[in-house]
Amino acid sequence: MSLTGGSLDQAQARKHALNCHRMKSALFGVLCEIKEKSALNIQGVQQDDPPDPHTMRLDNMLLAEGVAGPDKGGASAAAALAAAEGTPDDGSLEHADYREKLAQIRQIYHVELDKCEQTCSEFTSHVTNLLREQSRTRPITPNEIHQMVAIIHRKFSAIEMQLKQSTCEAVMILRSRFLDARRKRRNFSKQAVEILNEYFYSHLANPYPTEEVKEELAKRCSITVAQVANWFGNKRIRYKKNITKFQEEANSYTMKTAVDAASVSSLSSQSDSPVTPNSEGYPAISYTPD
């Protein structure tokens, strides 16, 4: 108690003398025994904590979504995406956008996880050194140091669990938006698809509708302009990747357009023929008496 009464040099000297005293070891043991009997030591810390089911669920979810894992989620992410789609990855725009956003979430997760682990290691080392230094002047047993380290790890494990939970929520939101967007694309009516395909194949030399045309097509199909733009973007990619597959579809739409044009021309020619209506609006019929 008298170490705080003098200068720093005097305190260091008295501290060294106390640490080198021949009775220090015996006194240290007695004080530790009294401390244990008076229940002043840290209580309620389990040596081996059982695995937390919630943490295990989060770990399994991150592993399944390709965020966690030995490869930092690289190959696992592509496998998870293919499993979610149920079809092979074709490199379309929506798949690329999903992979890019998932990679961002994965990168942020690993950066924050590395920061948490590094901070936990540094803080644990600092507390351990501090307790060992203090054990030279007050009774601190190795078991107490071990218990304090366990408390620190438990606190940082709670922080890691929050990080995992927020990452899982971000992935679920991303998947929800991605699948919702796919549902909207699938929910195009048959008439809307016919209208869009008809325009696409009738302008196959330059299938890039202007903004005015997009607005007109959106009104006719009862969808948004953004959906029209996405549909044409995906359609151009699919057509270029497999022209042979879509050639039959293109021929059918070309034939349909030609038939429609011929029908319109026939109706127009019939409407131009002279017809003399009577007073009731019917064509006049000539009658020759016997």
Side-chain angles (χ1 to χ4, degrees), residues 64-67 75-106 169-272:
E65 295 297 333
V67 176
S76 302
L81 177 61
E85 292 305 307
T87 56
D89 183 15
D90 60 355
S92 60
L93 288 177
E94 58 269 21
H95 291 180
D97 185 55
Y98 179 86
R99 288 197 303 271
E100 180 181 358
K101 288 182 171 55
L102 183 64
Q104 293 175 359
I105 294 176
R106 184 170 60 249
E169 291 175 356
V171 174
M172 291 299 101
I173 292 174
L174 175 62
R175 285 179 59 85
S176 176
R177 291 177 179 175
F178 177 74
L179 294 177
D180 287 345
R182 288 181 59 83
R183 291 192 191 100
K184 290 180 180 179
R185 286 190 290 272
R186 291 190 184 120
N187 288 336
F188 283 3
S189 64
K190 184 177 180 180
Q191 182 181 3
V193 175
E194 290 287 336
I195 293 173
L196 295 174
N197 275 321
E198 183 178 354
Y199 183 90
F200 180 84
Y201 288 112
S202 62
H203 299 76
L204 197 56
N206 186 29
Y208 293 87
T210 62
E211 294 301 323
E212 292 77 7
V213 174
K214 290 179 184 177
E215 293 178 1
E216 181 182 354
L217 292 173
K219 292 179 181 179
R220 292 177 58 189
C221 299
S222 299
I223 57 179
T224 64
V225 177
Q227 286 176 313
V228 173
N230 290 335
W231 187 91
F232 273 94
N234 294 331
K235 186 70 174 182
R236 287 191 295 265
I237 292 176
R238 290 193 294 267
Y239 182 81
K240 291 178 181 178
K241 288 183 65 175
N242 198 344
I243 297 178
T244 306
K245 176 182 177 182
F246 291 97
Q247 190 62 45
E248 183 178 353
E249 187 179 26
N251 294 336
S252 64
Y253 275 97
T254 302
M255 185 180 299
K256 180 181 177 182
T257 303
V259 171
D260 292 341
S263 300
V264 171
S265 177
S266 176
L267 292 174
S268 177
S269 62
Q270 291 179 6
S271 62
D272 292 340

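Just so it is clear, the structure is predicted and the values come from calculations on it, not from any experiment. If you read the sequence from its start, that first residue is 1, and numbering goes on from there.
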Value rounded to 0.5 Å, distance of [atom1] in [X] from [atom2] in [Y]:
X: Arg238; Y: Asn234; atom1: CZ; atom2: CG; result: 5.5 Å
X: Arg106; Y: Arg99; atom1: CZ; atom2: CZ; result: 10.5 Å
X: Asn230; Y: Thr224; atom1: CG; atom2: OG1; result: 7.5 Å

Is any side-chain heavy atom of [X] closer than 4.5 Å to a side-chain heavy atom of [Y]?
X: Arg175; Y: Leu102; value: no
X: Cys221; Y: Leu196; value: yes
X: Ile105; Y: Lys101; value: no

Check: residues 203-219 side-chain donor-acceptor pairs under 3.5 Å, at least two apart:
{"residue": "His203", "atom": "ND1", "partner": "Tyr199", "partner atom": "O", "Å": "2.9"}
{"residue": "Thr210", "atom": "OG1", "partner": "Glu212", "partner atom": "OE1", "Å": "3.4"}
{"residue": "Thr210", "atom": "OG1", "partner": "Val213", "partner atom": "N", "Å": "3.3"}

Exceeds 12 heavy-atom contacts within 6.0 angstrom, atom CD of Gln191: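 12 or below, so no.
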Atom CZ of Arg236 with >12 non-hydrogen neighbours under 6.0 angstrom: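 For Arg236, atom CZ is crowded (more than 12 foreign heavy atoms under 6.0 Å).
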